[in-house]
Number of protein chains: 4
Amino acid sequence: MSTKRAETTLDRPTQILDAAMICFAERGFHQASMHDISAEAGISVGLIYRYFKNKDEVISAMAAEHKKHIAELLERAGQAPTLLESLEILFTSNCCESSPQVLSAFVVDLFAEASRNPTVAKIVRDVVRTTTKGVTDLIARSPEIKYAAHKLGPEAIADMIFAVNDGLMMRSVLQRSGVSSAKQRERQLDVARTLWRLLFTRTSHANGHN
Amino acid sequence: MSTKRAETTLDRPTQILDAAMICFAERGFHQASMHDISAEAGISVGLIYRYFKNKDEVISAMAAEHKKHIAELLERAGQAPTLLESLEILFTSNCCESSPQVLSAFVVDLFAEASRNPTVAKIVRDVVRTTTKGVTDLIARSPEIKYAAHKLGPEAIADMIFAVNDGLMMRSVLQRSGVSSAKQRERQLDVARTLWRLLFTRTSHANGHN
Amino acid sequence: MSTKRAETTLDRPTQILDAAMICFAERGFHQASMHDISAEAGISVGLIYRYFKNKDEVISAMAAEHKKHIAELLERAGQAPTLLESLEILFTSNCCESSPQVLSAFVVDLFAEASRNPTVAKIVRDVVRTTTKGVTDLIARSPEIKYAAHKLGPEAIADMIFAVNDGLMMRSVLQRSGVSSAKQRERQLDVARTLWRLLFTRTSHANGHN
Amino acid sequence: MSTKRAETTLDRPTQILDAAMICFAERGFHQASMHDISAEAGISVGLIYRYFKNKDEVISAMAAEHKKHIAELLERAGQAPTLLESLEILFTSNCCESSPQVLSAFVVDLFAEASRNPTVAKIVRDVVRTTTKGVTDLIARSPEIKYAAHKLGPEAIADMIFAVNDGLMMRSVLQRSGVSSAKQRERQLDVARTLWRLLFTRTSHANGHN
DNA sequence: CATGAATGAGATTTCATTCAT
DNA sequence: AATGAATGAAATCTCATTCAT
C-alpha cells in the first residue's frame with residue numbers, strides 16, 4: 001500500500017525524467033537508450049512514448065526541467081539577506097541534490113547538445129539570460145557593489161561570476177572517482193568564493209574615491 | 001608516386017583527424033558516423049580502420065591532438081614579453097584557426113566525453129594539469145603579480161583564469177548563427193580581459209595612476 | 001439510460017464498424033490502428049475488444065458487413081422493372097452512401113486482404129458467388145436477353161458485367177483529389193452502361209430501330 | 001564459380017526487388033517486413049538500405065518495375081499482326097512469368113497502395129494512361145474496328161477492355177489453392193476473349209450500314 | 001459497461017566493423 | 001594501400017492486446 005502510495009505520488013513524467021537524468025548523466029544524451037531509461041524507471045519502453053513523443057522531447061523536457069530548477073534556485077537566492085549569501089545558495093546547491101558529478105555531467109552534455117539542437121539551445125539560452133538578469137539585479141541592488149575596488153558594472157560582474165562557475169562545472173566532470181569528490185568540490189568553491197571576495201571587497205581607499 | 005600532390009603531404013592520420021574534427025564539432029562524437037568522417041576526408045571507411053583500431057581510438061586521438069595543440073599554444077604564450085600578452089595568445093587563438101564555434105563545440109563535447117570515457121578523461125585531465133602548471137609558472141615569474149591588489153597565490157589565479165575561460169567557451173556554443181559571432185566573441189573576451197585587469201592591477205596606492 | 005441520446009440508438013458493434021470503415025478506407029487494414037478506430041468511434045480501445053476478439057475479427061466483420069450491404073443491394077435490384085434499371089441500382093449506389101473513393105479504396109483493400117486472409121477470402125468469395133448468381137438469374141429472366149445480338153449465356157454475361165464493374169472500381173482509387181470526382185465517376189459509369197447496351201441490344205434486325 | 005557468376009549476373013537492386021515481389025505478393029506491402037525481404041533475397045537487412053533509402057522507396061521501385069514490365073508488354077503487343085493477337089499478348093502473359101496469383105495479388109495491392117501513397121499513385125496512373133493510349137492506338141489502326149457491330153470509339157473500347165481485365169485480375173486473387181488455377185485462369189480468359197469477340201466481330205448487316 | 005495505462009514483441013532504420021578484392 | 005559491399009547488433013518507435021480500476 002505504501003509502495004503504491006509512493007508510485008502514485010510520483011507522476012509518470014517526473015518518474016521518467018528522473019530516470020532519464022540518471023541515464024543521461026551516466027552515459028550522455030545519445031548513448032543512453034530509451035531502453036536504459038525505461039529500465040532505470042522500472043517501466044516498459046512503450047510507456048515512455050505515452051508521455052513523450054520521442055527521445056528528442058525527453059531531452060527537451062530535461063532541459064526545461066533544468067530551467068525550472070534553476071529558476072527556483074534563483075528565487076531562493078534572491079531572498080537571502082546579503083549578496084554573498086545569495087551567491088552561496090545559487091552556486092553551492094548543485095552538489096547537494098544528486099551526486100555532484102551527475103549534475104555537472106548533465107549540464108556539460110546539455111550545452112554540447114545545445115550547440116546542435118535548436119530546441120535545447122533555445123531553452124539553455126533562456127536559462128542563461130534569466131539567471132544573468134537575476135544576478136545582475138541582485139548585484140545592482142546590493143550595497144556591497146558601491147564600495148567595490150573596481151568600476152565594473154553589475155552585468156559585467158554577473159557575467160564573470162557565471163563564467164567562473166560554468167568553467168568550474170565543466171572541469172568538475174574530470175574528477176576521478178578515487179579522489180574525494182567532496183574535497184575537490186570544496187577546492188572549486190574556493191575559486192568561486194575567491195572571485196566573489198575579489199569583486200565585492202571594499203578597499204580602504206576606494207571607498208572615498210568612488 | 002610523384003603524381004600525387006598535396007594529398008601526400010598530409011599524412012593519412014592527420015587527414016582523418018582533420019575530417020573528424022569537422023564532423024565531431026558539427027554533430028558530436030556519437031552522432032558523427034565513421035562514414036561521415038570518411039566522406040569528409042574523401043577516403044573510404046575501411047581506410048580509417050587501417051590507421052585507427054576503432055572509433056574510440058579516433059576520439060582518443062582527437063583528444064591527444066587537442067592536447068598537442070594546447071601544448072604548442074602554451075609554448076608560444078610562454079615566449080610573450082608580458083603576462084597579459086601571454087594570456088592574449090593563450091585565450092584568443094581559439095577563434096582564429098577554424099570558425100570560433102567549431103572549436104568550442106568540440107571542446108565542450110570533449111569534456112562531456114571525458115566524464116564517461118576514462119581514456120579521454122585521462123588526456124583532458126593531463127591538458128588541464130599541464131596548462132594550469134604552465135600558467136601558474138607564468139604568473140609566478142611575472143612582475144605584475146607582486147604589486148597586485150590581492151594576496152592570491154599564482155595557482156589560485158591560474159585556476160580562476162581558466163575557470164573564466166572554460167565558462168566562456170561553454171557558453172559560446174549557444175551563439176545564434178544570426179548574431180555576429182565576431183561581436184559576441186569580442187564581448188566574451190572583454191569578460192576575460194576584465195578579470196585579468198582585476199587580478200593584475202596594482203594595489204590602491206598604484207590605483208590612482210591607472 | 002434515457003439520458004443517452006442518439007448514441008444508444010446505434011449499437012456498439014455498428015458504431016465500431018462505421019468507424020473502422022472510415023479508418024480502413026483512409027489508411028488500409030494494416031495501417032489503421034485499433035487506436036485510430038477507437039478515436040474515430042469516440043470510445044476507448046478496450047471497448048472494441050469487448051465486442052471483437054481482435055483486429056482480425058474486426059476486419060472479418062467488415063467483410064461480413066460488406067456482404068450484407070451487397071445482399072441488400074441485390075435484393076433492391078431484383079425488384080426493378082427492367083434489367084437495365086436493376087443494373088443501375090446495383091452499380092451506381094456505391095457512390096452515394098459515403099464518398100465514392102472511400103468505398104472503392106475499401107473494396108480494393110478487401111480483395112487484397114482476401115488474397116492472404118482465408119476468413120476474408122471465404123466471405124468475399126461468397127459475395128461474388130451470390131451476386132453472380134443473382135445477376136445471372138436476373139438476366140435469365142429478362143426479356144432483353146432473348147433478342148440480343150450474341151449467343152452468350154446469362155452467366156457469361158454476368159461475369160462480364162461484374163468484371164467491368166470491379167475493374168472500374170479498382171481504377172477509381174487512382175482519382176486525383178483535384179479533379180472532380182463526380183465527373184470521373186460519370187465517365188466510369190459510361191463505360192459500364194456502354195457494355196450493358198452492347199450486351200442487351202437486339203440483333204441486327206432490330207438494330208435499325210435504335 | 002558458376003554460382004558466383006549467377007550472383008554477379010543479377011545485380012543487387014534486381015535481386016532485392018525480386019525478393020520483394022515475392023514477399024509483397026505473399027503478405028502485402030505493409031505486412032511484409034524488411035527482414036522478410038532480406039531473408040527471401042538471402043542477404044542481410046542492412047544491405048537493402050544501401051540500395052534503397054527506405055521501405056517506401058522499395059515499394060515505389062516495385063511500382064516502377066511494374067510500369068517497365070507493362071511497357072515492354074505493350075511494345076511486344078504492338079508488333080503482333082492482328083488486334084486479337086495483340087490483346088492475347090497483352091492480357092495472357094501475366095500468368096506465365098511467375099505464378100498467376102502472385103502477380104494479381106501484387107497488382108491489387110499496388111492499387112490499394114496507390115489510393116494512399118501519392119508516389120505510387122503517380123506511377124500507377126502513368127501506367128494506366130500509357131497502356132490505355134497504346135491500346136487505343138492499336139484499335140484505331142486495326143481494320144477490325146471498321147466493320148464492328150457498334151459505333152464505339154477506340155478509347156471507349158480500350159477502357160472497356162482494361163476494365164474487364166482489371167476486374168478479372170481483382171477477382172483472381174480469390175482463387176482457392178485447392179482448385180486448379182490453370183482451369184480458373186482459362187475461365188477468366190474466356191470472359192475477356194468473349195468481350196473481344198463481341199467488340200470486334202462484324203455483323204453481316206452492320207458491314208453495309210457503317 | 002467502460003476506461004486507458006501498461007506491456008512487450010516486432011518493425012524500420014542506422015552504423016561500427018570486417019573482409020574479399 | 002585502398003575500397004566499399006556486407007553484416008548484424010542495437011536503437012527508436014509503434015501497436016495489438018490485456019487488465020486493474
Side-chain angles (χ1 to χ4, degrees), chain A residues 4 7-8 11-12 15-16 27 30-39 41-58, chain B residues 1 4 8 11-12 30-39 41-59, chain C residues 1 4 7-8 11-12 30-39 41-59, chain D residues 4 7-8 11-12 15-16 27 30-38 41-58:
Chain A
K4 195 179 290 179
E7 285 174 14
T8 323
D11 61 327
R12 284 282 184 232
Q15 182 189 3
I16 291 166
R27 314 160 87 97
H30 297 289
Q31 288 186 291
S33 73
M34 294 303 267
H35 189 86
D36 290 338
I37 297 172
S38 76
I43 58 174
S44 68
V45 216
L47 192 51
I48 299 178
Y49 287 88
R50 175 168 292 277
Y51 299 98
F52 300 93
K53 211 181 150 212
N54 51 37
K55 195 181 180 181
D56 265 10
E57 227 174 56
V58 176
Chain B
M1 291 167 189
K4 291 188 185 177
T8 327
D11 61 326
R12 286 286 186 224
H30 298 288
Q31 289 186 290
S33 71
M34 294 299 269
H35 235 97
D36 290 337
I37 298 171
S38 76
I43 58 173
S44 70
V45 225
L47 195 50
I48 299 179
Y49 285 86
R50 182 164 293 277
Y51 298 98
F52 299 94
K53 202 181 155 209
N54 52 34
K55 196 181 180 180
D56 267 8
E57 228 174 56
V58 176
I59 294 175
Chain C
M1 291 170 189
K4 290 187 185 178
E7 288 179 13
T8 327
D11 61 327
R12 286 285 186 225
H30 298 288
Q31 290 187 287
S33 72
M34 295 299 269
H35 235 97
D36 290 337
I37 298 172
S38 75
I43 59 173
S44 68
V45 224
L47 195 50
I48 299 180
Y49 285 86
R50 182 165 294 277
Y51 297 98
F52 300 94
K53 204 182 154 210
N54 52 35
K55 195 182 180 181
D56 267 8
E57 229 175 54
V58 176
I59 294 174
Chain D
K4 195 178 289 177
E7 285 174 13
T8 323
D11 61 326
R12 285 283 183 232
Q15 183 189 3
I16 291 166
R27 313 159 88 98
H30 297 289
Q31 287 186 289
S33 72
M34 294 302 268
H35 189 86
D36 290 338
I37 298 172
S38 75
I43 58 174
S44 69
V45 216
L47 192 51
I48 299 179
Y49 287 87
R50 174 168 292 276
Y51 299 98
F52 299 94
K53 211 181 152 214
N54 51 37
K55 195 182 180 181
D56 266 9
E57 228 174 56
V58 176

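Naming: A, B, ... by sequence-line order, numbering from 1 per chain.
What separates CG of A:Asp36 from C1' of F:dT12 is a distance of 12 Å, to the nearest Å. Rounded to whole Å, the distance from NZ on D:Lys55 to P on F:dC13 is 18 Å. Between the CZ atom of B:Arg50 and the C1' atom of F:dA2 there is a distance of 7 Å, given to the nearest Å. Atom CE in C:Met34 sits about 6 Å away from atom P in F:dT17, given to the nearest Å. Note: CD (C:Glu57) to P (F:dT17) measures 10 Å, nearest angstrom. Between B:Ile48 atom CD1 and E:dT17 atom C1' the separation is 11 Å, expressed in whole Å.
Remark: D:His35 pairs with D:Ser33, D:Ser38, D:Val45 by the side chain to side chain contact (heavy atoms under 4.5 Å, CB included) rule, at least two apart or across chains. Qualifying side chain to side chain contact (heavy atoms under 4.5 Å, CB included) partners for A:Tyr49, counting only residues two or more places apart in sequence or in other chains: A:Met34. Under the side chain to side chain contact (heavy atoms under 4.5 Å, CB included) criterion, D:Ser44 pairs with D:Leu47, not counting sequence neighbours. By the side chain to side chain contact (heavy atoms under 4.5 Å, CB included) test, C:Glu57 pairs with C:Phe52, C:Lys53, C:Asn54, sequence neighbours left out.
Here salt bridge (charged side-chain N to carboxylate O under 4.0 Å, His left out) pairs that include residues 30-39 of chain B, with residues two or more places apart or in two chains, are B:Arg27-B:Asp36.
In the set E:dC1, F:dA16, E:dT18, the nucleotide with an atom closest to the side chain of C:Tyr49 is F:dA16. Distance from the side chain of C:Ser33 is smallest to F:dC15 among E:dA5, F:dC15, F:dA6. Relative to the side chain of A:Val45, the nucleotides F:dC13, E:dT13, F:dA6 differ in distance, and F:dC13 lies closest. Nearest to the side-chain atoms of A:Leu47 among the listed nucleotides E:dT7, E:dT13, E:dG4 stands E:dT7. When distances are taken from the side chain of C:Ser44 to each of F:dA6, E:dG4, F:dT17, the shortest belongs to E:dG4. Nearest nucleotide to the D:Arg12 side chain, out of E:dT13, E:dT17, F:dA6: F:dA6. Taking every side-chain heavy atom of A:Ile43 into account, E:dT7 is the closest of E:dC1, E:dT7, F:dC13. Here E:dT13 is the nucleotide among E:dT13, E:dA5, F:dA1 with the atom lying nearest to any side-chain atom of D:Asn54.
The nearest heavy atom of DNA chain E to C:His35 and to B:Lys53 marks one nucleotide each, and the one closer to the 5' end goes with C:His35. If you find the closest nucleotide of DNA chain F to C:Gly46 and to A:His30, the one lying nearer the 5' end belongs to A:His30. Mapping D:Gln31 and B:Asp56 onto DNA chain E by nearest heavy atom places D:Gln31 at the nucleotide closer to the 5' end.
For DNA chain E, if you chain together Watson-Crick or G-U pairs that step i with j, i+1 with j-1 and so on, the runs of at least three with distances under 3.5 Å are E:2-21 with F:2-21.
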Between B:Arg12 and B:Ile43, does a side-chain contact (heavy atoms from CB on, under 4.5 Å) hold up when you go through it step by step? CA-CA 10 Å; B:Arg12 286 286 186 224; B:Ile43 58 173; 3.7 Å; yes
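Note on B:Phe52: nothing from the nucleic acid sits closer than 4.0 angstrom, heavy atoms only. Using a 4.0 Å heavy-atom criterion, one finds that B:Ala39 contacts no nucleic acid atom at all.
Side-chain N or O atoms of C:Gln31 include none that pairs as donor or acceptor with a backbone N or O of D:His30 at under 3.5 Å.
For the pair B:Tyr51 and F:dA2, the criterion of a side-chain N or O lying under 4.0 Å from OP1 or OP2 is met.
Shown here for D:Ile16 and D:Ile37, the closest heavy-atom pair between the two residues is O-CG2, 4.0 Å.
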